[in-house]
Amino acid sequence: MKILVATDKPFAAVAVEGIKKEVEAAGIELVLLEKYGEKSNLLNAVKDVDGIIVRSDIIDAEVIEAAQNLKIVVRAGAGYDNIDLEAATAKGVCVMNTHGQNSNAVAELVFGMTVMMVRNMFNGTSGSELMGKKLGIHAFGQVGRNVARIAKGFGMEVMAFDPYCPDEVMVEAGVTPVKDVNTLYSECQFISLHIPATNETKKSINYDLLKQMPKGAVLINTARKEVINEEELVKLMEDRADFRYVSDIAPAIADEFKTKFENRCFFTPKKMGAQTAEANINAGIAAAKQSVGYLKDGIDRFRVNK
Ligand code: 3PG
């Protein structure tokens with residue numbers, strides 16, 4: 001049996017070592033394909049493998065079709081919008097993510113980018129503080145919960161909107177649940193996005209929602225660029241000189257943002273949220289264990305295409 005680790009953005013070397021150990025201890029061969037660039041390299045590499053471990057790498061119907069022996073794909077991370085679930089299900093391929101394994105890393109970046117923005121990119125001018133300010137967490141999953149924990153340390157007042165999360169979970173975390181997304185945006189100067197990219201959420205963060213944010217608004221996106229209606233966000237930032245946007249996923253029209261709002265936007269050059277040794281180790285080794293568990297014993301906890 002073979003498991004392929006296909007990561008165009010590689011894991012830390014120490015994580016790769018850990019993955020190799022897990023897989024080989026189970027008597028399974030590990031194949032490593034990093035920084036592969038062209039899709040044809042991926043198509044070639046998947047031909048005879050039983051399992052694939054990926055990050056944001058695109059596993060579409062063509063890749064699934066090319067992998068004739070494929071039984072499992074594990075997304076070492078949270079969002080699995082890069083995997084064609086329908087094509088996988090049609091071929092009887094199990095798809096999993098690694099629930100919560102990289103969430104602290106992403107949550108810490110939320111504050112790294114936010115502090116940098118409210119301190120005016122450290123340009124020597126007076127900025128502002130987070131203490132006492134209201135933070136709205138849009139979707140209270142694993143990353144949202146870590147963001148709440150850290151925000152409390154900053155002395156922020158934290159609210160969250162998530163129709164899929166029971167109020168008790170938020171209350172226990174010291175977070176005020178809000179029942180209506182408009183309340184979250186109209187109350188909070190800071191909004192941190194943690195919604196997945198789905199047909200329902202794509203472009204859902206739009207002008208009408210964002211315009212409700214109080215003066216000095218900062219929108220923080222460590223989720224997906226697809227959830228933003230980029231043209232409408234540009235319009236809003238043209239209309240409101242106080243509005244700022246930081247994102248771990250550069251918009252499709254990043255150049256337009258940078259030209260128009262030089263000091264009011266920041267985008268990491270590459271998605272960096274989960275790019276820590278700790279997150280790579282946690283997510284990578286969990287992915288290895290889940291792949292082995294499925295291939296050897298049929299354990300399908302964390303399956304997302306039931
Ligand atoms: C995730 O969905 O887990 C994060 O966006 C991290 O993605 P990455 O593994 O591509 O950095």
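In listed order, ligands and their atoms are each counted from 1. Side chains are part of it too, since the values below use all heavy atoms of this structure and drop only hydrogens, waters and symmetry mates.
The protein non-hydrogen atom at the shortest distance from atom 9 (O) of ligand 1 is R55 NE, 2.9 Å. Regarding atom 10 (O) of ligand 1, its nearest protein heavy-atom neighbour is S56 OG, 2.3 Å. In terms of protein heavy atoms, atom 4 (C) of ligand 1 is closest to K271 NZ, 3.6 Å.
Under the 3.5 Å distance criterion, with hydrogens and angles disregarded, a donor-acceptor pair is assigned to the side chains of N104 and E108. Side-chain atoms of N221 and Y245 include a donor-acceptor pair closer than 3.5 Å. Between D57 and Y36, the side chains place a donor N or O and an acceptor N or O closer than 3.5 Å (distance only, hydrogens not considered). For the residue pair S56 and N82, no side-chain donor N or O sits within less than 3.5 Å of a side-chain acceptor on the partner.
When R224, K270, Q101, Q275 are checked for heavy-atom proximity to atom 2 (O) of ligand 1, R224 turns out nearest.
Salt-bridge formation is not detected for the pair R55/D8: no Lys NZ or Arg NE/NH1/NH2 atom is positioned less than 4.0 Å from an Asp or Glu carboxylate oxygen. A salt bridge is absent between D239 and K211: the closest approach of a Lys/Arg side-chain nitrogen to an acidic carboxylate oxygen does not fall below 4.0 angstrom.
Among the candidates V49, N44, L43, the single residue satisfying the side chain to side chain contact (heavy atoms under 4.5 Å, CB included) test with K47 is N44.
Atom numbering of ligand 1 starts at 1 in the shown order; those under 4.0 Å from a heavy atom of A274 are 6 (C), 11 (O). Below 4.0 Å from some heavy atom of K9 lie the following atoms of ligand 1, by number and element: 8 (P), 10 (O), 11 (O). Atoms of ligand 1 found under 4.0 Å from any heavy atom of G77 (numbered from 1 in listed order, with element): 3 (O).
In terms of hydrophobic clustering, with Ile, Leu, Val, Met, Phe, Trp and Tyr side chains grouped at heavy-atom distances under 4.5 Å, F161 and V218 are assigned to different clusters.
Residue A78 places at least one N or O, backbone or side chain, under 3.5 Å from an N or O of ligand 1. Some N or O of G79 is nearer than 3.5 Å to an N or O of ligand 1, by distance alone.
Contacts with ligand 1 closer than 4.0 Å are made by side-chain heavy atoms of N102 only, the backbone lying farther away.
Proximity of M272 to ligand 1 is not established, as no heavy-atom distance is less than 4.0 Å.
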